[in-house]
Asks: 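One structure is given below, represented as structure tokens, and several questions about it will come after.
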Amino acid sequence: MPSKFREDTISTARLTSFSDGVFAIAVTLLVFNLKVPEIAKADVHTLLPGLIKAMLPHFITYILTFWLIAAYWIFHHRMLNLVIRIDSTFLWINISYLLMISFMPFPTALFASYPRETFSFVFYVCSMIVVGILSLVMSGYASYNHRLINKDMPIETIKFFFFRQLTQIGVFILSLPLAFFELRWAEYYLFIVFPINRVARGYFRGREEKRKSLW
């Protein structure tokens with residue numbers, strides 16, 4: 001008699017490999033937005049420094065997006081390490097998440113090409129907000145009543161995932177009104193995500209160690 005079909009027969013290893021491939025392609029595509037200036041040989045000495053300086057917004061946006069995608073990869077990697085089984089709902093949430101990750105080179109190129117246009121920044125930030133929301137949905141679905149994670153998973157670990165995604169979404173949202181006053185400062189402001197993540201990780205790690213010591 002054939003065995004009953006089970007949704008959780010999907011391998012976490014296969015999902016991890018596929019996801020890592022999408023992340024790798026996304027960060028690789030970012031660098032293709034950096035075009036080497038085409039200058040006549042006779043003018044290279046005089047024009048090249050100015051053209052490289054003009055590309056500064058491209059470099060900043062490239063670094064910012066690369067680090068943000070790397071942060072999302074770290075989140076995704078750590079979360080999948082906690083997941084012990086996968087169902088179809090989680091799989092499709094993950095696929096939607098990867099869809100947005102693979103899309104990120106486009107808003108990055110758009111904002112780098114039009115660094116003085118508020119709309120291009122808003123489009124870029126809104127794309128990041130969607131990624132953050134999908135991260136929140138994915139971790140929330142997996143951890144709700146320990147649906148897909150180990151029953152012994154510490155509550156502080158679960159709280160950390162929620163806090164990290166919520167703070168990132170909050171930073172992105174707060175950058176939008178700032179962009180209408182000073183666009184360049186709004187972009188620099190986004191870099192605050194990284195120290196906030198580090199502080200949050202240290203805080204929740206300390207709480208978990210304190211909880212263990214009480215036992």
Side-chain angles (χ1 to χ4, degrees), residues 15-16 18-27 29-30 60-83 86 89-112 118-144 147-149 156-180 183 185-205:
L15 181 60
T16 300
F18 174 68
S19 301
D20 286 347
V22 172
F23 274 99
I25 292 172
V27 295
L29 289 176
L30 291 176
I60 294 173
T61 307
Y62 168 76
I63 293 171
L64 174 63
T65 309
F66 190 100
W67 283 357
L68 286 172
I69 292 179
Y72 283 123
W73 176 82
I74 292 170
F75 153 80
H76 188 266
H77 175 72
R78 288 175 173 167
M79 188 197 63
L80 284 186
N81 281 341
L82 306 180
V83 171
I86 295 172
T89 301
F90 181 85
L91 182 64
W92 282 105
I93 296 172
N94 186 85
I95 289 173
S96 300
Y97 176 78
L98 295 177
L99 183 149
M100 286 305 303
I101 291 294
S102 65
F103 176 71
M104 285 314 302
F106 174 74
T108 302
L110 181 68
F111 180 51
T118 303
F119 176 81
S120 63
F121 178 80
V122 170
F123 187 85
Y124 174 84
V125 169
C126 287
S127 300
M128 284 296 181
I129 290 174
V130 173
V131 177
I133 291 173
L134 287 170
S135 300
L136 199 61
V137 171
M138 186 161 46
S139 59
Y141 179 82
S143 61
Y144 181 73
R147 179 187 280 120
L148 303 178
I149 64 177
E156 298 302 333
T157 301
I158 297 173
K159 287 182 178 179
F160 168 67
F161 278 105
F162 275 101
F163 180 81
R164 177 172 178 172
Q165 300 313 312
L166 282 174
T167 52
Q168 286 188 358
I169 294 171
V171 168
F172 292 140
I173 291 174
L174 290 176
S175 71
L176 295 176
L178 179 59
F180 289 93
L183 185 57
W185 281 110
E187 182 181 14
Y188 295 152
Y189 164 78
L190 294 180
F191 283 93
I192 200 174
V193 163
F194 307 108
I196 287 177
N197 285 343
R198 188 174 183 83
V199 170
R201 184 167 63 252
Y203 171 76
F204 283 98
R205 183 176 295 167

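What you are looking at is a predicted structure, and each value in this text was computed from that prediction instead of being measured. When reading the values below, keep in mind they use all heavy atoms of this one structure, side chains included, and skip hydrogens, waters and symmetry mates.
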Asks: Evaluate the side-chain contact (heavy atoms from CB on, under 4.5 Å) criterion for residues V27 and W73: first the C-alpha distance (whole Å), next the side-chain angles of each, then the deciding distance (0.1 Å), finally the verdict.
Replies: CA-CA 11 Å; V27 295; W73 176 82; over 6 Å; no
Asks: Which atom pair, heavy atoms only, marks the closest approach of A71 to Q168?
Replies: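 Closest approach of A71 to Q168, heavy atoms only: CB-NE2, 4.4 Å.
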Asks: If you take all heavy atoms of L98 and F23, which pair is closest and at what distance?
Replies: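 Residues L98 and F23, closest heavy atoms: CD2-CE1, 3.8 Å.
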Asks: Quick one: does L30's side chain get under 4.5 Å of I69's, heavy atoms only?
Replies: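 Heavy-atom side-chain distance check passes, below 4.5 Å.
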Asks: Do Y72 and Q165 come within less than 4.5 Å of each other through their side chains, counting heavy atoms only?
Replies: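 Counting from C-beta outward, Y72 and Q165 do come under 4.5 Å.
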Asks: Just jot down the ring-ring contact (aromatic ring centres under 6.0 Å, His included) partners of F75, sequence neighbours excluded, or say none.
Replies: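 Here the qualifying residues are F161.
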Asks: Taking all atoms of both residues into account, what is the closest heavy-atom pair of A186 and L178, and its distance?
Replies: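 Closest approach of A186 to L178, heavy atoms only: CA-CD2, 3.6 Å.
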Asks: Show, in sequence, the C-alpha distance, side-chain angles and deciding distance for R164 and I74, and conclude whether the side-chain contact (heavy atoms from CB on, under 4.5 Å) test is met.
Replies: CA-CA 12 Å; R164 177 172 178 172; I74 292 170; 4.2 Å; yes
Asks: Start with the C-alpha distance between F194 and L64, add both sets of side-chain angles, then the distance that settles side-chain contact (heavy atoms from CB on, under 4.5 Å), and finish with yes or no.
Replies: CA-CA 10 Å; F194 307 108; L64 174 63; 4.2 Å; yes
Asks: Taking the side chain as C-beta and beyond, is there a heavy-atom pair between Y189 and L174 under 4.5 Å?
Replies: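 The answer is yes, as the side chains (C-beta and beyond) meet within the 4.5 Å cut-off.
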Asks: Under 3.5 Å, which donor-acceptor pairs do the side chains of residues 124-133 form with other protein atoms, sequence neighbours left out?
Replies:
| residue | atom | partner | partner atom | Å |
| --- | --- | --- | --- | --- |
| Y124 | OH | T65 | OG1 | 2.6 |
| S127 | OG | F123 | O | 2.9 |

Asks: What is the minimum heavy-atom distance between A179 and T118, and which atoms define it?
Replies: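 Shortest heavy-atom contact: O-OG1, 4.0 Å.
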Asks: Any idea which heavy atoms bring F162 and G140 closest together, and the distance?
Replies: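 Shortest heavy-atom separation between F162 and G140 comes out as CZ-CA, 3.4 Å.
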Asks: Within a radius of less than 6.0 Å around CZ of F191, do more than 12 heavy atoms belonging to other residues, nucleotides or ligands occur?
Replies: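 Enclosed.
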Asks: Hey, does F121 have a side-chain heavy atom less than 4.5 Å from the side chain of S175?
Replies: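 They are in contact (side-chain heavy atoms under 4.5 Å apart), so the answer is yes.
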Asks: Which residues satisfy the side chain to side chain contact (heavy atoms under 4.5 Å, CB included) test with Y188, sequence neighbours excluded?
Replies: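 Side chain to side chain contact (heavy atoms under 4.5 Å, CB included) check on Y188 returns I60, R184, W185.
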Asks: What's the separation between atom CD1 in I149 and atom OH in Y141, rounded to the nearest 0.5 Å?
Replies: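 It is 13.0 Å, given to the nearest 0.5 Å.
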Asks: Shortest non-hydrogen contact from V22 to S102?
Replies: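 For V22 and S102, the tightest heavy-atom pair comes out as CG1-CB, 4.1 Å.
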Asks: Measure the CD1-CZ distance between I95 and F18 for me, rounded to the nearest 0.5 Å.
Replies: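 Separation between the atoms: 6.5 Å.
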Asks: Taking everything shown except Y144 itself, do over 12 heavy atoms lie less than 6.0 Å from its OH?
Replies: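 No.
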